[in-house]
There are 2 protein chains.
Amino acid sequence: MNTLGARPVVVAKSAATAHCIECGARGRSVCNAISERDLDRLAAVAVPKRIEKGQVFIEEGEAAVDFFNITTGTAKLYKMLPDGRQQITGFAGSGHFLGLAVSDTYAFTAEAIETVDLCRFSRPKLRALLDDFPLLEKRLLETACNELVAAQEQMLLLGRKTARERVASFLASRHTETVGCGKRSERVALPMTRAEIADYLGLTIETVSRTLTRFKSEGKISLPSRDEVEIIDPHWLLGVATGEDSHAAFV
Amino acid sequence: MNTLGARPVVVAKSAATAHCIECGARGRSVCNAISERDLDRLAAVAVPKRIEKGQVFIEEGEAAVDFFNITTGTAKLYKMLPDGRQQITGFAGSGHFLGLAVSDTYAFTAEAIETVDLCRFSRPKLRALLDDFPLLEKRLLETACNELVAAQEQMLLLGRKTARERVASFLASRHTETVGCGKRSERVALPMTRAEIADYLGLTIETVSRTLTRFKSEGKISLPSRDEVEIIDPHWLLGVATGEDSHAAFV
DNA sequence: GGGCTTCCTTGATCCAGGTCAAAAAATGCC
DNA sequence: GGCATTTTTTGACCTGGATCAAGGAAGCCC
């Protein structure tokens with residue numbers, strides 16, 4: 001895997017390249033469209049930056065001058081109504097590319113919910129990179145399509161699912177996402193607060209809390225700490241999440 | 001604009017080219033990424049097809065073998081839960097490109113709500129076209145981004161807006177979309193039934209009907225026929241749609 | 001380790017919008 | 001044009017989840 005030994009001269013020519021080569025997020029991000037030997041081109045335009053918890057780094061309505069790629073940590077993406085009602089449209093973790101809007105203003109706000117490390121790309125520099133690496137553009141299109149599919153799934157959740165089904169969907173999707181990361185499969189991290197879960201699921205904090213308590217008392221999950229859930233019965237949870245008729249009958 | 005006279009030989013070499021050159025949807029679709037002189041390449045892989053009202057031409061979960069581009073008419077795109085609950089994720093009109101999912105199965109169902117004319121592209125042929133016309137890929141990415149922005153807006157609507165705000169948003173967006181088409185601006189066509197509006201807004205048919213009646217009795221709209229709305233007070237409607245505090249106060 | 005603050009849970013009550021029911025209007029079909 | 005069907009409107013009532021209101025449990029900072 002490590003080809004450093006094979007190409008010492010190229011790597012050495014730019015110390016900045018290191019942060020891309022060593023980047024833990026590369027494998028799961030659009031950056032993997034660029035081969036290791038061209039990585040210095042990428043590294044030259046990617047500006048690493050640390051965002052502290054609670055800090056907003058993209059603001060809805062502001063000029064979209066930069067794109068971002070998250071290396072570590074999690075951010076919430078949301079839209080707001082003038083009276084303060086908030087809808088979180090997604091949580092962006094390691095490898096997530098942000099700012100895809102074509103329009104010249106951002107369509108959502110992004111705020112770190114834990115310390116986030118990311119790479120910043122200026123619009124024109126990314127544009128130049130896209131022209132030189134068509135594969136990168138293909139990967140971006142893929143990413144956008146995947147997000148579109150996820151967005152449609154979320155519309156189904158917000159428009160038609162019950163509170164129980166929403167919370168079950170949330171836990172189930174967190175569960176399946178986590179499995180891939182090599183962690184213990186049944187423990188799911190919840191880096192977000194109950195309020196953030198509520199704003200993501202179109203519910204109130206109280207309903208989220210009550211529903212979790214309910215699942216716990218039904219023996220389907222346990223809540224070892226406030227930011228962790230143990231999924232005891234993943235199959236049951238998935239059934240509820242997908243609105244299986246049988247589960248709706250027994251309350 | 002018409003370059004037919006300048007290049008009679010090229011155009012004549014394929015009679016099939018005509019349907020792309022004359023296509024009314026070209027201007028607003030991704031096809032405008034391909035210049036008129038290369039249009040025969042596009043025409044060679046685009047298979048025109050007519051879909052009658054009520055006919056399903058993309059089915060959720062089935063192998064994604066084709067892509068479609070709507071020429072005329074409107075289709076509804078939806079996802080369903082096993083017990084029949086339905087969420088319409090969007091209405092696709094002239095120029096809309098469908099089937100963008102990278103995955104090998106469709107993520108939603110598409111059904112014509114009025115007679116639809118479309119062009120069908122097989123996956124491999126479109127892929128080849130994309131490799132030859134990078135601009136087409138750029139346009140697809142743009143399209144996907146725009147849809148993503150619309151999806152986020154819809155999540156805000158479904159997760160956080162009241163029934164009144166949802167119906168107002170729906171009418172307002174229909175209104176602004178219609179303006180561009182050169183029709184009389186205040187008359188908005190509703191090719192979909194109340195049930196379809198309800199499934200799009202995450203409401204019931206009764207709530208949609210009552211809300212429209214309410215707007216009418218408040219003098220903000222009129223309902224000349226069941227598939228048409230006249231927007232009497234667009235500014236007021238937009239205010240309600242965007243959740244302006246003031247409008248929430250006076251009921 | 002004690003007081004602060006923030007986050008979470010639980011209980012009581014309320015209401016927007018859903019459900020059920022039926023009439024009215026539009027459309028289609030011989 | 002008249003009957004059947006579908007769609008829409010309207011009314012009465014109900015309920016899931018929101019709202020309001022306390023408590024309780026973690027963190028966190030001196």
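Lettering of chains follows the sequences in order, A, B, ..., and the numbering in each one begins at 1.
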Could you write nucleotides 17-30 of chain C as a row of B, S and -, 5' to 3', where a protein heavy atom under 4.0 Å of any base atom gives B, of only sugar-phosphate atoms gives S, and otherwise -? SSBB-----SS---
Before giving the answer on side-chain contact (heavy atoms from CB on, under 4.5 Å), spell out for Leu212(B) and Arg194(B) the whole-Å C-alpha distance, their side-chain angles and the decisive distance to 0.1 Å. CA-CA 10 Å; Leu212(B) 287 173; Arg194(B) 298 288 185 269; 3.6 Å; yes
Would you check if there is a donor-acceptor pair between the side chains of Glu111(A) and Tyr78(A) at a distance under 3.5 Å? yes
Rounded to 10 degrees, the angle between the two terminal axes of the helix from dG1(C)-dC30(D) to dC30(C)-dG1(D), each from five pairs: 50°
When Phe170(A) is tested against each of Leu237(A), Val188(A), Leu157(A), Leu201(A) for side chain to side chain contact (heavy atoms under 4.5 Å, CB included), which residue passes? Leu201(A)
What integer distance in Å separates Arg214(A):CZ from dG11(C):C1'? 15 Å
Rounded interatomic separation in angstrom, taking NZ from Lys216(A) and P from dT10(C): 7 Å
Heavy-atom contact window of chain A on DNA chain D, given 5' to 3' at under 4.0 Å: dG17(D) to dA26(D)
By the 4.0 Å heavy-atom rule, please label Thr193(A) as base, sugar-phosphate, or nothing. sugar-phosphate
Spacing between Met192(A) atom CE and dC8(C) atom P, to the nearest angstrom: 11 Å
note: Phe215(A), atom CZ; dT10(C), atom C1'; distance rounded to Å ~ 17 Å
I'd like to know if the side chain of Arg26(B) reaches the main chain of Cys20(B), judged simply by a donor and an acceptor atom lying under 3.5 Å from each other, with no hydrogens or angles considered. yes
